[in-house]
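This report concerns only the one structure given below.
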Amino acid sequence: MNHLSLLGSTLALAVQVAAQVAAQAEATAQDPQTRAAGADFNLSELSLEQLMDVPVEVGARQSESLAATAASVFVLNEPEIRRSGMRSVAELLRLVPGLVIAQDVPGAYGFSSRLGEYEFAGMLVLIDGQRLYTTLLRREYFQAIDLPIETIARIEVVRGPGGARWGDKASQGVINIVTKKAADAKGLRATGVFGTEEHLAGSFRFGAAASESTDFYLFGKLAQRDGGYPTTAGDRWDNNCIGVRVDTKVGANATLTVDGLYHDSFLGDSYEIAPGFSSLNMIKGGHLKSRLHVDHGENSWTELRVAADAYDQDIRDYQDDVPDWFLRFREELFDGTLQHSWQAAPGHTLTAGVALRSLTVENFLVFAGTGSEYNETRGDLFASWDWDLCDSVRLTIGGNLGYQDGLRGSGVDTQPDLRLAWTPSPEFTVWTALSANSEPDRKINDSGLLVRRKSSKLLAYELGLRRRFGEQLLLQLDSFVYLVDDQLNGFDTEPVSGATLYLAGGKTNAFGGELTAAWNPLRSVRVTTFLATTEANSRHFDPAVFSDQDTIEGQVPRLRGGMTAGYEPVPGLEVDALLLYTQRRAGIPTWWRLDLRMGWHATENTSLEIVGQNLTDPHHPEYYYSEEIQRGYYFMVTHRF
């Protein structure tokens, strides 16, 4: 039995179990206290004090409050997610200051933090602290991460380097999608959407208590979306998924979480390279993840995570309905992490762990029909020492030592960091960090030889502060200075074999930052705003080979900004606005985006929403292809049974 069949069988078994306990759980779900726990229609927002105390894992690989985190962390909480009007994870990331989010084609996005995508392959994406995919193409496909928004509790984002905590692929930052606990998702709710871009979508979530110690929920989603502008044959993004999460207590001090997801997506590209050109991208697969957390007391705990991912990908290009190019492969990823934290002495907390993963990519048909298999094994040792120098000052020394063995990457990479946080009061934090990040070197199979290509190295200096002024205003300022070395900047030819040599003499200096403010002028009004800037200078690049969009200096827009405003004129009625701005970059003009949303809590169990998106113009480009994102409207109904 292959891994896709195993994942499908596991989810089918979960559905059968859910059906057996549904009758027993119905009485529990109808209990008023239980229904209140699962209600998603609560219009109250988190207070600014609660925002500072939100627990985040992404900054330190363990739970700590946002106020105490010595990193450029931003958290999208549940009320912001619900009131944004965004219907996918990639769209939600537009609300994170400092990120560069651009729709490539529907369901496929270019996303990065501060430095653009050049040489850094986006950011590391996690679901509940576990890696999502490590693909052959070194990118995440958001068309396959189309979780129902109703299952997401928050999204944690580190905009700066995270390699010292999470290993490779985290040089540009880390995105952690945190799903709801099963105890917080009881009852049955369903959502329906129809519109011009969001053509037709439906999702459900059913949660209940299987026993006194076990809670679970099932969820599913069917979605059909328009493909963007211009319209071509097969121009759409379809996604179907079904999943389950189970939380259970194992003894007095241990909890076990198991979740699974199966997805099947179709992506029809709408950009036109030449008349008669079209492209299709199909991904089918899923994951099964588990986490066992044991609390030993006295600030000591142990955690074991085990995960398996598998999916098939089929990319086909056509010219005048004739197959022109294709890439088909299967990827299987097994990932395990063991982590332990303990208080070695008063004021000294040590955390250490080991992570192992194995990646297999089977190339069924590549280009001319030749098949091959690619295997990669990686191990990481990571550790951190939190030293409370005094009641208000904490020093953290950490690092990651990784070894990777594979055709396209091998050798040892080290990613140390040093972080300092000063918290004189719960309302005020100043932090600074110094970190060195690198990706594993790569080997390119050329003319029968393996040619080593050095990967870029990043040295980062960061300084930030957070300040809360009562319940009226919360300010966060993060700044950075980046020095990037060993960038790909040219090519040469090996004299004897004729193999291509990859030159790595490019350099980039960059600095900038993000300013974020959350303001509550009235009890019924909330305004958030952000401004992000990056100034970069790239040097030693061959202008005959590298255009502006091939360097960090050309890729990153100097200025990005955004503002959200929420107003409740009467209880049960919400009016929201979103304004985004991105300055011109290489080949892409400056663009503005305006979204408007109105939500009405029609009855105790039913809510209605109408949303308009990209209202500033009929369509505009965001990425380097001639694909453009379009204006759209949709209507949504949500009912809790």
Does [X] reach the main-chain N or O of [Y] with its side chain, forming a donor-acceptor pair under 3.5 Å?
| X | Y | result |
| --- | --- | --- |
| K221 | N239 | no |
| T191 | G202 | no |
| R159 | P97 | yes |
| T214 | S211 | no |
| S290 | V306 | yes |
| N437 | G163 | yes |
| T151 | P148 | yes |

Distance-only donor-acceptor check, side chains [X] and [Y], under 3.5 Å:
| X | Y | result |
| --- | --- | --- |
| Q404 | E376 | yes |
| H199 | Q224 | no |
| H340 | T351 | no |
| D380 | N400 | yes |
| D146 | S88 | no |

Set of side chain to side chain contact (heavy atoms under 4.5 Å, CB included) partners for D247, sequence neighbours left out
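D247: side chain to side chain contact (heavy atoms under 4.5 Å, CB included) contacts with K181, A182, R245, T257.
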
Which residues pass the side chain to side chain contact (heavy atoms under 4.5 Å, CB included) test with A71, not counting sequence neighbours?
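With neighbours one apart ignored, the set is T69, V73, R419.
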
Is it true that [X] and [Y] make a salt bridge, defined as a side-chain N closer than 4.0 Å to a carboxylate O?
| X | Y | value |
| --- | --- | --- |
| E78 | K180 | yes |
| R131 | D309 | no |
| D238 | R225 | no |
| R82 | E80 | no |

Under the side-chain contact (heavy atoms from CB on, under 4.5 Å) rule, what do R291 and E303 come out as? Steps first, then yes or no, please.
CA-CA 7 Å; R291 176 177 59 185; E303 191 168 83; 3.5 Å; yes

Between [Y] and [X], is there a side-chain heavy-atom distance shorter than 4.5 Å?
| X | Y | result |
| --- | --- | --- |
| E331 | T360 | no |
| L126 | V174 | yes |
| L356 | F334 | no |
| V89 | I152 | yes |
| R357 | L333 | yes |
| F329 | Y311 | yes |
| S358 | E332 | no |
| L93 | I155 | yes |

Might you work through the side-chain contact (heavy atoms from CB on, under 4.5 Å) test for L350 and W342, ending with a clear yes or no?
CA-CA 6 Å; L350 300 178; W342 72 101; 3.6 Å; yes

Start with the C-alpha gap between R378 and D413, add the side-chain angles, then the distance that decides, and say whether salt bridge (charged side-chain N to carboxylate O under 4.0 Å, His left out) holds.
CA-CA 11 Å; R378 180 176 174 89; D413 54 89; 2.9 Å; yes

About how many Å separate [atom2] of [Y] and [atom1] of [X], when rounded to the nearest 0.5 Å?
| X | Y | atom1 | atom2 | result |
| --- | --- | --- | --- | --- |
| T349 | W385 | OG1 | CH2 | 11.5 Å |
| L200 | L222 | CG | CG | 8.5 Å |
| L124 | D168 | CG | CG | 7.5 Å |
| D215 | D184 | CG | CG | 9.0 Å |
| S384 | I397 | OG | CD1 | 10.0 Å |
| F206 | Y217 | CZ | OH | 14.0 Å |

Could you check R330 against D312 for salt bridge (charged side-chain N to carboxylate O under 4.0 Å, His left out), going step by step and ending with a plain yes or no?
CA-CA 4 Å; R330 167 175 292 176; D312 294 336; 2.6 Å; yes

As a quick check of understanding, evaluate side-chain contact (heavy atoms from CB on, under 4.5 Å) for D264 and I283, giving each step before the final call.
CA-CA 6 Å; D264 184 355; I283 300 179; over 6 Å; no

Taking the six-membered ring for Trp, are the ring centroids of H293 and W301 within less than 6.0 Å of each other?
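Between H293 and W301, the centre distance is under 6.0 Å.
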
Verify whether the ring centers belonging to H287 and H263 lie closer than 6.0 Å.
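No, they do not, as the ring centres are separated by 6.0 Å or more.
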
Do you know which two heavy atoms are closest between [X] and [Y], and how far apart they sit?
| X | Y | value |
| --- | --- | --- |
| Q415 | S171 | OE1-OG, 4.2 Å |
| W166 | G129 | CZ3-O, 3.5 Å |
| V178 | D128 | CA-OD1, 3.3 Å |
| G260 | L288 | CA-CD1, 4.1 Å |
| S84 | L92 | OG-CD2, 3.3 Å |
| G398 | R165 | CA-NH1, 3.8 Å |

Run K249 and E212 through salt bridge (charged side-chain N to carboxylate O under 4.0 Å, His left out) and show every step you take.
CA-CA 9 Å; K249 295 181 180 179; E212 291 184 358; over 6 Å; no

Walk me through whether Q339 and L304 qualify under side-chain contact (heavy atoms from CB on, under 4.5 Å).
CA-CA 6 Å; Q339 184 176 354; L304 174 66; over 6 Å; no

What residue pairs, at least two apart or across chains, pass salt bridge (Lys or Arg N to Asp or Glu O under 4.0 Å) with a residue in residues 84-103?
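Counting only pairs at least two positions apart or across chains, the salt bridge (Lys or Arg N to Asp or Glu O under 4.0 Å) contacts touching residues 84-103 are R87-E150, E91-R94, E91-R593, R94-E622.
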
Given salt bridge (charged side-chain N to carboxylate O under 4.0 Å, His left out), test D314 with K284 step by step and report yes or no.
CA-CA 9 Å; D314 187 348; K284 179 185 297 185; over 6 Å; no

